[in-house]
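Quick caveat: nothing in here was measured; it's all calculated off a predicted structure. Throughout, a chain's letter reflects where its sequence line sits, starting with A, and its residues are numbered from 1. Computed from heavy atoms alone, side chains included, the values below leave out hydrogens, waters and symmetry copies.
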Amino acid sequence: MDYNFREIEKKWQNQWVKDKTYEVKVDNSKPKFYVLDMFPYPSGAGLHVGHPLGYIASDIYSRYKRLKGFNVLHPMGYDSYGLPAEQYAIQTGQHPAVTTEKNINRYREQLDKIGFSYDWSREVRTCEPNYYKWTQWAFIQMFNHYYDFERQCARPISELVEKFEREDAEWKSLTEAQKSERLMQYRIAYLADTKVNWCPALGTVLANDEVSEGLSVRGGFPVEQKVMRQWSLRVSAYAERLLRGLETVDWTESLKETQRNWIGRSEGAEMYFPVKDKDVELEIFTTRADTVFGVTFMVLAPESQYVDMITTAEQRGAVDEYLAMVKKRTERERISDRRVTGVFTGAYAINPLTKAEIPVYVSDYVLAGYGTGAIMAVPAHDSRDYAFAKHFDLPIIPLIEGADVSEESYDAKEGKVINSGFLNGMEVKAAIAEMKRYITENGLGRVKVNYRLRDAIFSRQRYWGEPFPVYYKEGVTCVLDESKLPLLLPEIKEFKPTADGRPPLGHAENWVTEEGYPIELNTMPGFAGSSAYYLRYMDPHNTEALVGKEADEYWRQVDLYVGGTEHATGHLIYSRFWNKFLYDLGLVCEEEPYKKLVNQGMIQGRSNFVYRFIGKGATGNLFISYNLINNPEYKDCTQPIHVDVNIVNNDILDINAFRAWNPEYKDAQFVFADGSSTLDADNPYLGKPSEQQYICGYAVEKMSKSMYNVVNPDNVVEKYGADTLRLYEMFLGPLEQSKPWDTKGIDGVSRFLRKMWKLYADDNGWIIDNAEPTPEMMKALHKTIEKVAWDIENFSFNTTIPAFMVCVNELTSLKCHSRKVLEPLAVIIAPYAPHLAEELWHACGNTTTVCDAKFPEVDKKWLVEDTVKQPVAINGKVKDTIDIAAGASQADVREAAFTALSKKGLMEGKNIVKEIIIPGKMVNFVVK
RNA sequence: GCCCGGAUGGUGGAAUCGGUAGACACGAAGGACUUAAAAUCCUUUGGCCAUUGCGGCUGUGCGGGUUCAAGUCCCGCUCCGGGUACCA
């Protein structure tokens with residue numbers, strides 16, 4: 001009876017569906033555990049072997065927890081709104097809903113083959129009305145709330161209106177439109193003129209985390225800065241709580257650090273610098289209050305409102321010219337060109353401490369979006385100010401004893417302060433504190449905490465996203481009544497922006513409310529739908545609420561979240577923000593959505609190359625084996641060409657498949673690894689001699705179609721089976737580590753599963769008996785139980801597989817066919833290889849599913865060793881190994897060790913200085 | 001530049017609390033079975049030396065240090081990967 005994985009896997013997958021094995025319900029009699037994968041965007045390319053890595057890990061964990069008696073919620077769904085489907089629609093006219101549906105079906109088909117324990121009855125799709133209803137609903141709540149900084153939580157905007165009516169005389173005289181505009185400054189979802197990242201190629205704005213180095217993350221198109229009226233979410237209001245919350249979650253230190261940097265809290269002071277002859281005070285932010293005595297000039301961001309206010313008539317022309325130049329530059333140009341530029345405004349500010357008159361400049365090294373958009377420049381102790389001062393020949397005053405500022409600035413916050421009046425002689429840190437006290441007391445400024453974290457731009461000029469439940473009524477921005485949700489995405493014929501430059505929804509007919517008011521044309525960004533999906537899984541069919549009270553109070557939060565690090569500054573910030581907002585409203589009971597987070601590494605592609613001979617005027621397709629390309633005969637005469645990894649096996653090229661792969665290569669000729677060639681008249685390629693191999697080169701690259709290195713999990717499942725794929729992906733290396741996909745070792749894993757099968761079955765059928773197991777067998781089993789449990793709980797899945805291999809080898813050599821060993825063995829391997837485990841579990845005579853078995857407890861009595869081999873060393877050098885009885889006393893161990901060494905004549909005439917005796921581990925005699 | 005990781009055989013990687021480095025797997029070499037191949041099984045496999053003396057030396061990127069004992073801890077480098085970037 002052979003291990004027919006195709007038949008077994010299909011059989012059990014069908015059975016699980018039929019029995020609804022993985023469906024879960026709220027069950028207060030059991031402890032809950034919520035395991036979540038970051039749901040995928042269903043792209044047209046389908047899944048490659050990299051995608052399932054995290055899914056397999058979380059599936060192992062889920063299955064393990066279930067065996068341990070937990071009620072495990074393990075759902076899956078699709079982040080199905082997004083750019084690629086829309087770009088595809090623009091090119092082909094194919095409706096994004098159609099492409100998305102097709103891609104989802106393909107994903108599902110691929111996922112099903114791998115044997116995951118998802119509860120598919122809870123599937124969510126962000127593009128479905130009964131899902132995005134709740135995205136729109138949350139938006140309405142954000143619109144209707146403001147952030148109360150004193151109480152540090154979101155409050156209904158009606159409270160603010162009441163307050164204005166009570167306390168603000170002006171309020172009553174405002175028109176409805178003016179009131180609306182004023183409230184926008186407080187709402188958590190608000191409309192404002194914002195400087196945005198505009199991507200002309202995509203025709204939309206992008207959030208900060210969607211832009212990298214001046215290019216869009218999706219597509220890599222240039223991005224420019226533009227002021228537009230856009231919806232934003234006041235994420236920055238939650239900066240402090242987002243930062244503090246990190247202390248309460250079990251994430252990797254590096255990921256928390258990335259978020260801390262992104263939030264970018266810095267403590268400093270805000271100060272005012274009066275402008276000479278003008279009724280203007282420049283407000284600046286600094287973390288180096290101690291350096292005020294060294295301020296020799298000031299700089300404004302080009303977008304700063306101060307620029308207009310203080311520029312003198314003589315300098316007006318030069319300033320306008322500079323502003324025009326800055327405006328023309330794209331974000332990318334600004335980043336790549338770091339030359340010092342700037343212009344004098346003609347105005348002078350007064351240093352509030354030295355009373356010196358200092359010039360005010362405009363330069364784009366000062367950012368409008370951070371602090372106040374204006375800085376006090378301290379060239380001696382800030383490298384950017386230093387470069388500016390050198391360029392414009394401005395004075396540089398050193399403020400720290402011994403700092404040499406003739407060549408570069410001294411940026412470190414240490415040393416003794418000089419040239420600074422009452423601060424002289426203090427250490428920098430003390431001086432900062434002293435100056436903060438001074439400016440507060442003298443009304444020169446105040447202590448202030450600044451954050452780098454920006455509000456999230458929430459509008460996209462796209463079609464394939466959630467429509468805003470927003471309409472415009474005579475200059476007043478309104479949200480729809482909740483009862484009108486969902487606001488369905490209208491059908492349109494063209495997915496491009498309109499001819500007059502409005503977003504695609506401008507094509508929609510009758511895009512107005514019942515009363516005829518126009519509805520918002522923008523749609524929500526990708527992160528809208530993914531921000532609260534984990535809550536919806538808890539209660540996916542609830543029509544009354546995003547998540548019902550009972551479901552929320554039972555499932556609470558995600559206990560284990562598995563996904564890639566690429567979401568560190570996007571999804572994982574937005575999602576935490578969204579959850580905190582809902583928490584403030586009393587709608588969810590946990591403030592942090594993800595308790596533990598594990599990042600799986602990326603699976604990179606391993607590309608293969610063939611080497612075409614191009615030197616010496618060669619024409620046609622002659623390929624040289626990789627091991628020969630550096631031979632003098634071929635050196636520098638070959639050109640590497642990507643070859644499809646699916647026709648290469650262990651770097652050996654399948655010649656015939658290669659000739660068939662691309663018509664261009666149908667007459668390809670080869671020089672083989674041994675130097676023989678298909679061109680040799682007496683040595684024609686016959687198709688199989690093993691020494692006549694063509695060896696390909698390789699490189700580790702991103703897995704992508706254009707590199708021909710994409711490996712599809714379906715092919716692996718077809719060839720080796722789902723259980724082998726699952727085991728092998730784990731065996732590849734530590735979960736968090738990035739590694740290239742390489743099928744070299746997959747045979748070993750596949751062999752192991754066949755060996756395991758043979759423990760239960762031979763040619764005639766099952767060979768399981770009821771014999772009483774020997775202590776050796778029990779030891780092999782319990783050693784493995786202990787190891788498997790430890791490994792899974794510590795996410796060390798890669799080291800479990802060797803433990804299984806050793807166990808099966810031991811049981812094989814012990815000829816163990818006892819049910820009392822094989823049955824628990826099937827259970828402990830079930831998280832890793834569920835199909836095989838299910839088959840073996842039933843072979844042991846069970847009729848229920850292995851998923852409902854109990855994970856066996858370790859019986860330590862089998863693990864106690866009678867004797868322990870223990871090294872004995874002299875001066876740390878191991879000289880001998882002794883057998884000692886388990887639990888032997890320190891004195892006994894010493895005696896045995898000394899006798900053993902004496903017998904070898906090693907202790908003769910030695911003077912023992914010190915003895916280190918650790919029973920069971922090590923004995924060391926230190927001698928002279 | 002700054003922040004965070006990492007570096008162990010031909011390869012992927014083990015070593016969980018400072019206690020015999022190289023588990024397990026791949027690859028390679030040799031052998032058994034076979035007309036042959038596949039599959040399967042057995043042996044060897046960090047390096048150097050000795051292999052009729054069963055062992056010796058060396059060894060975890062480099063240089064120091066702590067310790068009876070260091071892949072593991074400390075200090076200083078080199079290289080590689082990731083994040084971030086005029087954040088005042």
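Sorted by first and then second residue, the salt bridge (charged side-chain N to carboxylate O under 4.0 Å, His left out) pairs involving residues 726-753 of chain A (not counting sequence neighbours) are Asp59(A)-Arg726(A), Arg606(A)-Asp742(A).
Of the listed nucleotides (U84(B), A25(B), A14(B)), U84(B) has the atom at the smallest distance from the side chain of Trp262(A). Residue Ser254(A) has its side chain nearest to C4(B) when only A88(B), U16(B), C4(B) are considered. The listed nucleotides are A88(B), C3(B), C86(B); the one nearest the side chain of Asn261(A) is C3(B). Between C24(B), G13(B), U16(B), one nucleotide has an atom nearer to the side chain of Pro802(A) than all others, and that is C24(B). Comparing C4(B), C87(B), U16(B) by their nearest atom to the side chain of Arg452(A) picks out C87(B).
Remark: side-chain polar atoms of Asn450(A) are not paired, donor with acceptor, to backbone N or O of Ser266(A) under 3.5 angstrom.
By the 30° and 60° cut-offs, the orientation of the rings of Phe898(A) relative to Phe925(A) is perpendicular. Classification of the His567(A)-His571(A) ring pair by plane angle, with boundaries at 30° and 60°, yields perpendicular.
For the C1' atoms, the distance linking A70(B) with U20(B) amounts to 14 Å, nearest Å. A32(B) and C24(B): their P atoms are spaced 26 Å apart (whole Å). Atom C1' of U72(B) sits at a distance of 15 Å from the matching atom of G6(B), rounded to the whole Å. Straight-line distance between the P atoms of G83(B) and A88(B): roughly 22 Å, to the nearest whole Å. Comparing the C1' positions of C26(B) and U35(B) gives an interatomic distance of 31 Å, to the nearest angstrom. For the C1' atom pair drawn from G12(B) and C4(B), the interatomic distance equals 25 Å after rounding to whole Å. A gap of 23 Å separates the P atoms of U43(B) and C48(B), to the nearest Å. For the P atom pair drawn from G71(B) and U8(B), the interatomic distance equals 15 Å after rounding to whole Å.
Atom C1' of nucleotide C87(B) and atom OH of Tyr370(A) are separated by 5 Å, given to the nearest angstrom. Tyr720(A) has its OH atom 12 Å from the P atom of C26(B), to the nearest Å. Here the P atom of nucleotide U11(B) and the CZ atom of Arg606(A) are 12 Å apart, to the nearest Å. Atom-to-atom, CG of Leu735(A) to P of G13(B) comes out at 13 Å; the value is rounded to the nearest Å. Rounded to whole Å, atom P of C87(B) lies 18 Å from atom CD of Glu270(A). One interatomic measurement links the two molecules: CG of Asp411(A) to P of G1(B), which rounds to 14 Å at whole-angstrom precision. The nearest whole Å value for the distance from the CD1 atom in Ile801(A) to the C1' atom in C24(B) is 10 Å. If you take CG of Asp742(A) and C1' of A25(B), they are 12 Å apart, rounded to a whole angstrom.
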Evaluate side chain to side chain donor-acceptor pair (under 3.5 Å) for Asp382(A) paired with Ser409(A), printing each intermediate quantity in order. CA-CA 6 Å; Asp382(A) 182 290; Ser409(A) 63; over 6 Å; no
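Under the ring pair (Phe, Tyr, Trp, His ring centres under 6.0 Å) criterion, Phe293(A) pairs with Phe422(A), not counting sequence neighbours. For Tyr728(A), the ring pair (Phe, Tyr, Trp, His ring centres under 6.0 Å) partners at least two apart in sequence or on another chain are Trp741(A).
Note on Pro740(A): nothing from the nucleic acid sits closer than 4.0 angstrom, heavy atoms only. Among the heavy atoms of the strands, none lies under 4.0 Å from Val299(A).
Counting only N and O atoms by type, the side chains of Ser236(A) and Tyr451(A) include no donor and acceptor under 3.5 Å apart. In this structure, a donor-acceptor pair under 3.5 Å is present between the side chains of Asp411(A) and Ser383(A).
In C77(B) the base sits anti relative to the sugar, since the glycosidic angle is further than 90° from 0. Annotated as syn: G9(B), whose O4'-C1'-N torsion sits within 90° of 0.
Within 6.0 Å of the CD atom in Gln305(A), the count of heavy atoms belonging to other residues, nucleotides or ligands exceeds 12. Around CG of Asn794(A), the count of heavy atoms belonging to other residues, nucleotides or ligands within 6.0 Å exceeds 12.
Ring centroid separation for the pair Phe804(A) and Tyr832(A) comes in under the 6.0 Å cut-off.
A close approach under 4.0 Å does occur between a side-chain nitrogen or oxygen of Asn798(A) and OP1 or OP2 of A14(B). Taking 4.0 angstrom as the limit, Gln737(A) places none of its side-chain polar atoms (N or O) nearer than this to OP1 or OP2 of G5(B). Distances shorter than 4.0 Å separate none of the side-chain N or O atoms of Ser796(A) from OP1 or OP2 on U16(B).
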In dot-bracket, 5' to 3', how would RNA chain B read with Watson-Crick or G-U wobble pairs under 3.5 Å, [ ] for crossing ones and | for pairs to another strand? (((((((..(((......[....)))((((((.......))))))((((.....))))..(((((..]....))))))))))))....
Polar pairs (N or O, both sides) under 3.5 Å between protein and nucleotides 39-46 of chain B?
unit_1, atom_1, unit_2, atom_2, d
U40(B), OP1, Arg754(A), NH2, 3.1

Quick one: what's the B/S/- string for nucleotides 68-73 of chain B, heavy-atom cutoff under 4.0 Å, read 5' to 3'? B-----
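A salt bridge links Glu253(A) with Arg260(A): the closest approach of a Lys/Arg side-chain nitrogen to an acidic carboxylate oxygen falls below 4.0 angstrom.
You'll find the side chain of Val235(A) reaches within 4.5 Å of the side chain of Leu242(A), heavy atoms only.
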